[in-house]
Amino acid sequence: MTSNSTAKTLVKTFLRTPHSLKTKFQAKQLLAQFLKTQPYSPSSTSILISVYSNFNLLHPSLFLFNSLNSPPLLAWKSIIKCYANSGHFLNSLTCFVQMRSFGIYPDPNMFPFVLKACVFLKNLRLGESIHGCIIRLGLDFDLFTGNALLNMYAKFQSLQPNGGHKVFAFNVFDGMPKSDELCGTSAQEKGASIIQLDRMTKVLEMMPKRDVVSWNTVIAGNAQNGMYEEALRMVREMGNANMKPDSFTLSSVLPIFAEYVDVIKGKEIHGYAIRHWFDSNCYIASSLIDMYANCARIEDSCGVFNLLSKRDDISWNSIIAACVQNGVFDEGLKLFRQMLTAEVKPRDVTFSSIMPACTYLTTLHLGKQLHGYIIRGGFNDNMFIASSLVDMYAKCGNIKAARWIFNQMEHHDMVSWTAIIMGYALHGHAHDALLLFKQMEMDGVKPNYVSYIAVFTACSHAGLPEEAWRYFNSMSRNHGIKPGLEHYAAMADLLGRAGKLEEAYEFIGSMHIAPTGSIWSTLLSACRVHKNLELAEKVANEIFKVDPENVGAYVLMSNMYAAARRWKDAAKMRIFMKKKGIRKEPACSWIEVKNRVHTFISGDKSHPLYDRIFEALKDLLEQIEREGYIPDTNEDFHDVDEEQKKYMIFSHSERLALAFGIISTPAGTTIRITKNIRVCVDCHTAIKLISKVVQREIIVRDNSRFHHFKDGKCSCRDYW
DNA sequence: ATAGGGTTAG
């Protein structure tokens, strides 16, 4: 009895001042006392529910709520809030509807939670009807309710079929490409697509009072839906209303300058962030990292990351993505390992960001390890990750695995289609590539700029100029894609390889964009393959006009002159290079053995096993000579004798890597080699024969495509 | 009640 009355007094005191409870523990203790005080009144029960819901303690709140026959407003409000804050959005909305059926009128404080639930459940219609309810109750002038409405319309904009896509941004300012040109959207579609943002703006205009949150919400709403100029205009308007941008504002604005590749403006924001002590904020830092990365300022990205005292998963993801996107693959992989060491769990974004590093470095073993991690983490069904895996397996030489992953995918988007098409293209399977392209079109997936590059690549490696012309002529007609630099480059390359040198020359001359040195270069190498020195000289002159430092062109011309025994001209090229201080990038090949990458430069004797590699090469040479191999030393140095020439050729980097691979792996193992430049004719012949005498599959990826050598033949059928 | 990071490119 005494303890009961003590409990009553205690509970009474606390219920008069519910805010004096500071911890969840205290709140739970109070429940124990409260339960002793039966019978308890609905009003004190409601107060207690509100205490629990403030601590987000769902179960005690529900326990008390269920004991009420007709819960008063405070009880409904608390339970709706508690459900929403614990992620039970459907329950939250059900409660709201039940409350209305009890004839209880909502108060303004509950709308933010109800509206949030509508956003999470992606239920626009319910949100709209709640908006109507808000207006009928005259509660649309409430600041918090207004802010929640702003947020709802901003979020529903991004859920529109075409909403939230960056191309819409470009309509609102001058001098940028119109979205029609970029993706063929009609004006009507565009008009319909910003409906929710219009509603958001209307709500803003109706609000009698706006705070920083209101502005931040509409700024983010515009920025995330590509309405960049409108977002920036609102930042200015916010300033005019005497409100200072805070960390939320900045993290919405920074991605805009990242998209604009405007490092000057981005740096201004960085300065503002530093002056206001925002630079250690994780949100700002990750936006800064991304902004600098987009502006090719990876050092600045790293600077921001290194100064960050607390790093969350997104900071790590940002810096890893920044490195990989800027081609600093080793650093990206290093940071990925550091992230794991720091016990930060990788997320879906981490994997799709890091995978291209394995792809570009052709480190199949790392890619496989990541794939294992992805499977264990249950990330398989993520489209971004699956596409990056398709690309990784294809470019690391395993096209079958790439196709398997592609087939496993439930849905295919344009990127995944393009990845597999490009995979087949690089392996020389033009038929499969073009078939897949047709299937993609039949699936109703629109190809884009990149998809056509893949198509031309396929035609190029299979020698199908007529097919390529058909696609080239139809891409703008069928899909509204204007040929760009990469398409011209691919076409020029393709015509050149097919020996249609004059046609290629005219094609490049007729481009509606100024041809670059690299486009001419593809034709120049075609001239060398097809031994047309006359045209080569013309092409080389074009290259030197636009790109006087083009190393490849000097080397190529020098070699062609040497092959034609025009020693003086060859020497002239080398003197030019010397004068300009241009150095030839060394040819280099690498191979993975037992999870280590071994790199070989042409003529390299530095490998610890060099002696054994040399012995193996000599042995292999004898074996393939018995198979009829005759070294082709035509284009190499002219001032050395034949025996030396033979030696120089067999010191080519791919042969060193190959010999090393043969002596350090068990018989029959497939050998995968990557080379930074194209494999030379002589090595190609030699590797074909080596594949026969050692009875192994040898896969060489050069900078152009894959060569699968087996039983003395190559998958490229000597066309590359 | 408001914020940051991702896949395809001869």
Point to revise | Side-chain N or O of A:Y360 closer than 4.0 Å to phosphate OP1/OP2 of B:dA9 | key: yes

Exercise for review: Please work out which residues in residues 204-212 of chain A have a non-hydrogen atom less than 4.0 Å from an atom of DNA chain B and list them by number.
Suggested key: A:D211

Check your understanding: Between A:F248 and B:dT2, do the rings stack, that is, sit under 5.5 Å apart with planes less than 30° off each other?
Key -> yes

**Study point:** Qualifying residues under salt bridge (Lys or Arg N to Asp or Glu O under 4.0 Å), relative to A:D300, sequence neighbours excluded
**Key:** A:R297

Review point. Would you say B:dT2 has OP1 or OP2 under 4.0 Å from some side-chain N or O of A:N151?
Key: yes

Point to revise | Rounded distance (Å) that lies between atom P of B:dA3 and atom CG of A:N225 | key: 12 Å

Check your understanding: Once the angle between the rings of A:F437 and A:Y471 is folded into 0 to 90°, is it parallel (under 30°), tilted (30 to 60°) or perpendicular (over 60°)?
Key -> perpendicular

Revision key, fill the gap. note: A:E486, atom CD; B:dA9, atom P; distance rounded to Å ~ 11 Å

Practice item. For the pair A:Y449 and A:H487, name the ring-plane relationship: parallel under 30°, tilted 30 to 60°, perpendicular over 60°. Key: tilted

Check your understanding: For the rings on A:F248 and A:W215, is their centre-to-centre separation under 6.0 Å?
Key -> no

Practice item. Counting heavy atoms from C-beta on, name the nucleotide in B:dG6, B:dT8, B:dA9 closest to the side chain of A:F384. Key: B:dG6

Check your understanding: How would you list all residue pairs meeting salt bridge (charged side-chain N to carboxylate O under 4.0 Å, His left out) that involve residues 344-361 of chain A, not counting sequence neighbours?
Key -> A:D313-A:R347

